[in-house]
Amino acid sequence: MTTLEHGRLAGTAPYSKAEQRRKVWDWPTRFFHWSLVIAFVGAFVTNKLGASYFTYHLWFGYAVIILVGFRIVWGFIGTRHARFASFIRGPRGVLRYVSAAGRGLRTRYAGHNPLGGLMVLTLLLALGAQATLGLFGNDEIFNTGPLAPLVSKQLSLALTSLHRKTFYLIAAAVGLHIVAVLAHVAVKREPLIRAMFTGAKPNELVDPDEAIRTSKGPLAAFVLIIISVILATALHFAPHADFDLAGY
């Protein structure tokens, strides 16, 4: 739900009463968010550490695929504010939000605002694509992705290059996301970072009928297990790279 108010942001008071909060984000969504942060950073660090850390890089990549797959499914069957239908808006909705924000009007969203929803979708698609491309990559020296034998060397190298270049798009999107969150905290005084840890937002931002009552934890665990099993099965039956990379 959205509320456009005539008051300006300069007069916005900070939300401080912890006892007056309502639950918005379920724990599976919060688990996904912070696990994805760890997996993305881990993949970046292990890549920079060199070829000897390739196995760890792969595992972080697998984690990204599982988490993105989970979040896509959760976007359809999860709790109210985790569903794509609750925050993905068309061009008109995005422009309306940008116009209101540009005029200094206060907007209220229990979940993601339209720009935040667009960022969620962008990051999911970009991270999923990058991690999947990495499955087909190789470094032409020691290491190959588990699905590299399924394609030609030329295609594998092209996908490896695209895998690397996609990182810069993701890094830019992540940087923009962080700046937007910090701006929301500093200007609108909305405790977004805290909400992604606790799952709760101040009552002023969440009507009683917008609060969630359950996190659907068992369903989330089931979905996560199924996606993990599917990926593990696919990788198990993938052909092994037992060839010489020099001749590949």
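Just so you know, residue 1 is the first one in the sequence shown, and it goes up from there.
Identified under the side chain to side chain donor-acceptor pair (under 3.5 Å) test for residues 112-127, with sequence neighbours left out: Tyr97-Asn113.
Arg108 and Glu210 are joined by a salt bridge, as a carboxylate oxygen and a charged side-chain nitrogen come within less than 4.0 angstrom of each other. Salt-bridge formation is not detected for the pair Asp209/Arg22: no Lys NZ or Arg NE/NH1/NH2 atom is positioned less than 4.0 Å from an Asp or Glu carboxylate oxygen.
Remark: the backbone N or O of Lys216 is paired with a side-chain donor or acceptor of Thr214 at under 3.5 angstrom. Judged by distance alone, the side chain of His184 and the main-chain N or O of Glu190 form no donor-acceptor pair under 3.5 Å. Thr46 contributes a side-chain N or O that, together with a main-chain N or O of Ala43, makes up a donor-acceptor pair within less than 3.5 Å. The closest donor-acceptor contact from the side chain of Arg92 to the backbone of Arg89 lies at 3.5 Å or more, if one exists at all. No side-chain donor-acceptor contact under 3.5 Å links Lys201 to the backbone of Arg194. Without hydrogens or angle criteria, Asn203 side chain to Arg21 main chain gives a donor-acceptor distance under 3.5 Å. With Asn47 contributing its side chain and Gly50 its backbone, the two residues share no donor-acceptor pair below 3.5 Å. In terms of modelled atom types and a separation under 3.5 Å, the side chain of Ser86 and the main chain of Arg80 share a donor-acceptor contact. For Ser99 (side chain) and Leu95 (main-chain N/O), no donor-acceptor pair under 3.5 Å exists by modelled atom type.
A distance of 12.0 Å separates CG of Leu159 from CZ of Arg164, quoted to the nearest 0.5 Å. Atom CG in Leu36 sits 12.0 Å away from atom CZ in Phe60 (nearest 0.5 Å). Rounded to the nearest 0.5 angstrom, Leu147 CG and Thr132 OG1 are separated by 9.0 Å. Here the CD1-CZ distance, from Ile227 to Phe222, works out to 10.5 Å after rounding to the nearest 0.5 Å. The distance from atom CG of Leu127 to atom CG of Leu169, rounded to the nearest 0.5 Å, is 9.0 Å. The CG atom of Leu224 lies 13.0 Å from the CZ atom of Arg71; values are rounded to the nearest 0.5 Å.
The closest side-chain heavy-atom distance from Phe76 to Arg83 is not below 4.5 Å. By the 4.5 Å heavy-atom criterion applied to side chains, Asn143 and Thr55 are not counted as neighbours. When side chains are defined from C-beta on, Phe136 does not count as touching Pro146, because their heavy atoms never get closer than 4.5 Å. Between Leu219 and Trp74 there is a side-chain heavy-atom pair separated by less than 4.5 Å. Taking the side chain as every heavy atom from C-beta outward, Phe87 and Leu121 never approach each other to under 4.5 Å. In this structure, the side chains of Ile170 and Phe40 come closer than 4.5 Å at one or more pairs of heavy atoms. Between Phe197 and Arg30 the shortest side-chain heavy-atom distance does not fall below 4.5 Å.
Tyr168 is connected to Leu133 through a chain of hydrophobic side-chain contacts under 4.5 Å among Ile, Leu, Val, Met, Phe, Trp and Tyr, so both are in one cluster. Ile212 and Val223 are members of different hydrophobic clusters when ILVMFWY side chains are connected at heavy-atom separations under 4.5 Å. Put simply, Leu157 and Val151 are part of two different groups of oily side chains (I, L, V, M, F, W, Y) that touch within less than 4.5 Å, one to the next. Under the 4.5 Å side-chain contact rule for hydrophobic residues, Ile193 and Ile38 do not share a cluster. One hydrophobic cluster holds both Ile65 and Leu150 under the rule that ILVMFWY side chains link at heavy-atom gaps under 4.5 Å.
Aromatic ring pairs are classed by plane angle as parallel below 30°, tilted from 30° to 60° and perpendicular above 60°; the pair Phe167 and Phe44 is parallel. Below 30°, between 30° and 60°, or above 60°: for Tyr56 and Tyr53 the angle between ring planes is between 30° and 60°, a tilted geometry.
Of all non-hydrogen atoms in Thr144 and Phe54, the two that sit nearest each other are O-CE2, 3.4 Å. Pairing each heavy atom of Ala211 with each of Val206, the nearest pair is N-CG1, 3.9 Å. Residue Ala220 comes nearest to Pro28 through the heavy atom pair CB-CG, 3.4 Å, listed as atom of the first residue, atom of the second, then distance. Closest of all the heavy-atom pairs between Ala173 and Leu123 is CB-CD2, 3.6 Å. The two residues Leu67 and Phe31 come nearest to each other via the heavy atoms CD2-CE2, 4.4 Å. Of all the heavy atoms in Ser156 and Asn138, the pair that sits closest is OG-ND2, 2.7 Å.
Between the side chains of Thr79 and Asp26, at least one donor N or O sits under 3.5 Å from an acceptor N or O.
The environment of Trp59 atom CH2 is sparse: at most 12 non-hydrogen atoms of other residues, nucleotides or ligands sit within 6.0 angstrom.
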**OP:** Could you walk me through whether Leu135 and Tyr62 pass the side chain to side chain contact (heavy atoms under 4.5 Å, CB included) test, one step at a time?
**Re:** CA-CA 9 Å; Leu135 298 177; Tyr62 297 155; 3.6 Å; yes
